[in-house]
There are 2 protein chains.
Amino acid sequence: MVRVTITQVAAHAGVSVASASRALNGQIASAETVAKVQHAAATLGYVADATAQSLKRGRTKQLAYAVADIGNPVYVEMMSAIERVVSASGYRLVLSSTGTSSSSVDVVRDLGRGYVDGMILSPLRVTDELLTALAKTPTPVVVLGRLPDDVNLDTVRADSLTAMRLVVGHLVAEDRRDIAFVNGPVDTTPGAFRRDGFAAAVLAHPLLTTRSVDAEDFTISAGYAAARQVLEGDRRPDAIVAANDLIGIGAIRAAEDLGLRVPHEIVVTGIDNTELAGVVRPGLTSVDLGAEERGRVAAELLLARIAEPSRAAHTVTVAPSLVVRGSSVHRPNTQGHASPADRSTEATGLGEERAAG
Amino acid sequence: MVRVTITQVAAHAGVSVASASRALNGQIASAETVAKVQHAAATLGYVADATAQSLKRGRTKQLAYAVADIGNPVYVEMMSAIERVVSASGYRLVLSSTGTSSSSVDVVRDLGRGYVDGMILSPLRVTDELLTALAKTPTPVVVLGRLPDDVNLDTVRADSLTAMRLVVGHLVAEDRRDIAFVNGPVDTTPGAFRRDGFAAAVLAHPLLTTRSVDAEDFTISAGYAAARQVLEGDRRPDAIVAANDLIGIGAIRAAEDLGLRVPHEIVVTGIDNTELAGVVRPGLTSVDLGAEERGRVAAELLLARIAEPSRAAHTVTVAPSLVVRGSSVHRPNTQGHASPADRSTEATGLGEERAAG
DNA sequence: ATGAAAGCGCTAACAA
DNA sequence: TTGTTAGCGCTTTCAT
């Protein structure tokens with residue numbers, strides 16, 4: 001199998017390359033030419049070279065998704081949603097990990113090479129350097145996560161404040177009065193906003209006693225360590241609000257290891273409503289931040305901007321919803337569960353309730 | 001920000017485009033030229049256009065990973081590994097979902113468009129049509145999964161037979177004698193090979209009673225339904241071998257709902273050793289099929305083939321290892337667990353043992 | 001409706 | 001070492 005070019009197709013069909021191109025792309029051409037060219041193309045097994053088309057047309061039909069930690073279920077969920085929208089629109093999706101080797105800034109700078117028509121970026125930290133790079137790049141970028149107010153970019157974000165209000169409100173309704181917040185690193189975007197959201201949510205409930213501790217990472221093990229420290233202190237809280245599901249699961253484990261029953265002696269909640277939350281026992285009450293929707297909307301915004309580069313920047317905030325599971329409800333059948341359906345089904349099943357944000 | 005080309009850099013530096021190109025690419029050029037060109041490039045903010053380079057050089061520096069169900073933790077793990085190798089070698093990774101819209105065959109055919117230099121393909125089903133397309137494509141493809149023996153392609157595969165031997169051997173050692181195998185759909189590659197592997201593994205233990213049932217899918221809910229049916233039958237097995245972790249978790253739930261204690265009354269094992277296996281309680285004993293290693297090796301094979309297209313096809317089989325957790329061991333502290341570290345740490349912790357394949 | 005020719009931005013012969 | 005020139009494969013004016 002050797003590469004066959006449009007020149008060969010044209011020769012085989014007995015027409016010029018221009019006519020061949022037109023016939024292939026549905027431009028004006030006589031029915032006879034179209035027939036001859038299509039026949040030639042089929043015979044020769046011609047497929048247009050993507051690179052040459054990109055160079056000529058000035059667009060690659062590729063979009064990038066850049067994220068630090070692919071492997072985190074939340075980002076995977078977003079990626080799936082993005083991939084669906086992107087491929088349905090005839091684009092390919094390239095994955096740009098902004099891990100150890102290259103930072104978000106490098107990735108954005110690299111956009112100048114024009115290997116994609118646009119990018120969805122999920123930065124772990126928003127630095128001035130990043131904002132500068134974003135301002136300079138000629139390629140459209142949609143940012144997942146909160147940006148300073150004066151930045152004029154398409155943005156999709158979760159609503160940490162409402163998320164925390166849902167959690168805290170739920171805990172108060174469950175008669176919890178002493179809440180420990182186990183956050184992840186506060187120098188990350190989610191860490192900072194969840195901290196602020198928790199603080200704000202608590203203000204609405206003057207009778208609450210609260211405290212905060214930062215886990216070293218948004219992981220089960222870091223959550224375990226941080227929660228254990230909290231639970232071993234002399235004044236034990238009656239609820240732990242974890243900054244994400246992994247930390248929350250770590251907290252459940254810590255409670256178990258200390259012989260504390262969840263939720264009877266200690267209530268635990270998470271954030272993200274990942275698949276894990278529905279799989280652990282007791283199920284982890286969690287706030288769904290709408291990862292799927294955020295991914296989908298981000299992709300749609302990007303496509304819209306590519307279609308109309310001069311349109312105004314949009315900021316979309318996706319409403320969170322609370323999914324109540326056994327880790328936070330004092331019902332007789334708290335340890336029980338519904339059918340082991342997937343998450344969406346589960347949310348309507350026994351032992352789980354969803355409250356809109 | 002408008003696109004700046006090498007022509008402008010050359011003009012700014014007062015040299016020809018050829019000299020500019022050479023200076024930029026580390027070809028022979030005088031120190032003075034290099035300095036001038038680099039200065040001009042920096043001043044103008046020049047970055048080479050990826051598409052033009054691709055067209056000229058005949059390679060895109062892009063590799064594709066094609067998989068049906070991104071979102072499945074196993075494929076995500078492979079993808080992470082692939083991404084690491086690929087980006088370390090200066091390639092970008094494009095994600096080709098072979099979901100509903102486009103089949104594996106379409107994806108392989110599309111390779112003719114030359115938008116990537118190679119592809120790692122994880123086909124759900126290996127059809128003749130797919131094999132034909134693979135034989136015809138000029139672009140290197142590494143296949144994840146088993147292929148017919150006469151197919152001469154780079155392949156990385158798991159060892160289902162050994163995996164099943166490990167599981168069955170373990171169950172026999174735990175005094176299980178009546179084993180139900182809950183498989184996924186047998187018209188998929190994993191389904192077929194796990195079925196065969198189980199059958200072969202069982203042959204080594206003549207005293208075993210076994211039976212099989214196929215879940216409708218490799219999911220928790222399908223596993224739940226299938227396991228429930230098995231467990232409600234008049235002759236209850238004392239062990240369930242699930243074809244993957246999700247089915248295994250469904251089986252644990254089914255046992256719970258029927259009031260059966262795991263592992264005391266019914267032992268359950270999974271396959272894949274996903275993160276979920278370490279998170280559920282009791283922990284799910286599972287065979288690690290080396291997803292990370294398979295992904296890494298596949299990427300390495302692909303890069304090697306690109307570097308040397310004429311080299312002989314390689315087939316690498318990755319050895320499985322059994323990770324024993326609470327769902328299958330009758331120890332006093334079976335329900336307990338070690339520290340909630342990540343999987344690799346866990347495997348060496350209390351309550352878990354890893355046996356090589 | 002068709003063909004000749006230009007050119008997207010770059011690299012690589014080839015000459016000088 | 002450097003510049004000139006010819007393309008990579010395609011689309012798109014511009015004449016005809």
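Letters A, B, ... are given to chains in the order of the sequence lines, protein chains preceding strands, and every chain is numbered from 1. Hydrogens, waters and symmetry mates play no part in the numbers below; they use all other heavy atoms, side chains included.
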Are [X] and [Y] side-chain neighbours, meaning at least one heavy-atom pair lies under 4.5 Å?
{"X": "B/L289", "Y": "B/R294", "value": "yes"}
{"X": "A/R92", "Y": "A/V86", "value": "no"}
{"X": "B/R84", "Y": "B/R296", "value": "no"}
{"X": "A/L130", "Y": "A/V108", "value": "yes"}

Could you pull out all residues at least two apart from A/D150 that satisfy side-chain hydrogen bond (donor to acceptor under 3.5 Å, both in side chains)?
none

Going by side-chain hydrogen bond (donor to acceptor under 3.5 Å, both in side chains), name the residues that satisfy it together with B/T51, two or more places apart in sequence or in a different chain.
none

Protein and nucleotides 7-10 of chain D: nitrogen or oxygen contacts under 3.5 angstrom:
| residue | atom | partner | partner atom | Å |
| --- | --- | --- | --- | --- |
| D/dG7 | N2 | B/K56 | NZ | 2.9 |
| D/dG7 | N3 | B/K56 | NZ | 3.3 |
| D/dC10 | OP1 | A/Y46 | OH | 2.6 |
| D/dC10 | OP1 | A/D49 | N | 3.1 |
| D/dC10 | OP2 | A/I6 | N | 2.4 |

Check this one for me: any side-chain N or O of B/S19 less than 4.0 Å away from OP1 or OP2 of D/dG3?
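Yes, because at least one side-chain N or O of B/S19 sits under 4.0 Å from OP1 or OP2 of D/dG3.
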
Which residues, if any, of residues 32-41 of chain B bring a heavy atom under 4.0 Å of DNA chain C?
none

Backbone of [Y] reached by a side-chain donor or acceptor of [X] within 3.5 Å:
{"X": "A/T98", "Y": "A/A68", "value": "yes"}
{"X": "A/T137", "Y": "A/L134", "value": "no"}
{"X": "B/D154", "Y": "B/H314", "value": "yes"}

Length of the line joining A/L24:CG and D/dT12:C1', which is rounded to integer Å
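From A/L24 CG to D/dT12 C1': 15 Å.
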
Nucleotide D/dG3, atom P - distance to CD of B/Q27 in whole Å:
15 Å

Classify the nucleic acid contact of B/A18 as base, sugar-phosphate or nothing, counting any heavy atom under 4.0 Å across all strands shown.
base

With respect to B/L63, which candidate in B/V142, B/D117, B/I82, B/V85 satisfies the side chain to side chain contact (heavy atoms under 4.5 Å, CB included) definition?
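For B/L63, the side chain to side chain contact (heavy atoms under 4.5 Å, CB included) test succeeds with only one of B/V142, B/D117, B/I82, B/V85, which is B/D117.
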
The single option from A/L95, A/L93, A/V94 passing side chain to side chain contact (heavy atoms under 4.5 Å, CB included) against B/V94:
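Exactly one option meets the side chain to side chain contact (heavy atoms under 4.5 Å, CB included) with B/V94, and it is A/V94.
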
Bend angle of the helix from C/dA1-D/dT16 to C/dA16-D/dT1, from helix axes over five pairs at each end, nearest 10°:
40°

Go through the steps for B/D159 and B/T317 under the test side-chain hydrogen bond (donor to acceptor under 3.5 Å, both in side chains), then give the verdict.
CA-CA 6 Å; B/D159 183 350; B/T317 302; over 6 Å; no

If you count heavy atoms of other groups shown closer than 6.0 angstrom to CD of B/E32, is the number above 12?
no

With a strict under 4.0 Å distance from non-hydrogen atoms of chain B, what nucleotide opens and what nucleotide closes the contacted stretch of DNA chain C, reading 5' to 3'?
C/dG9 to C/dA13

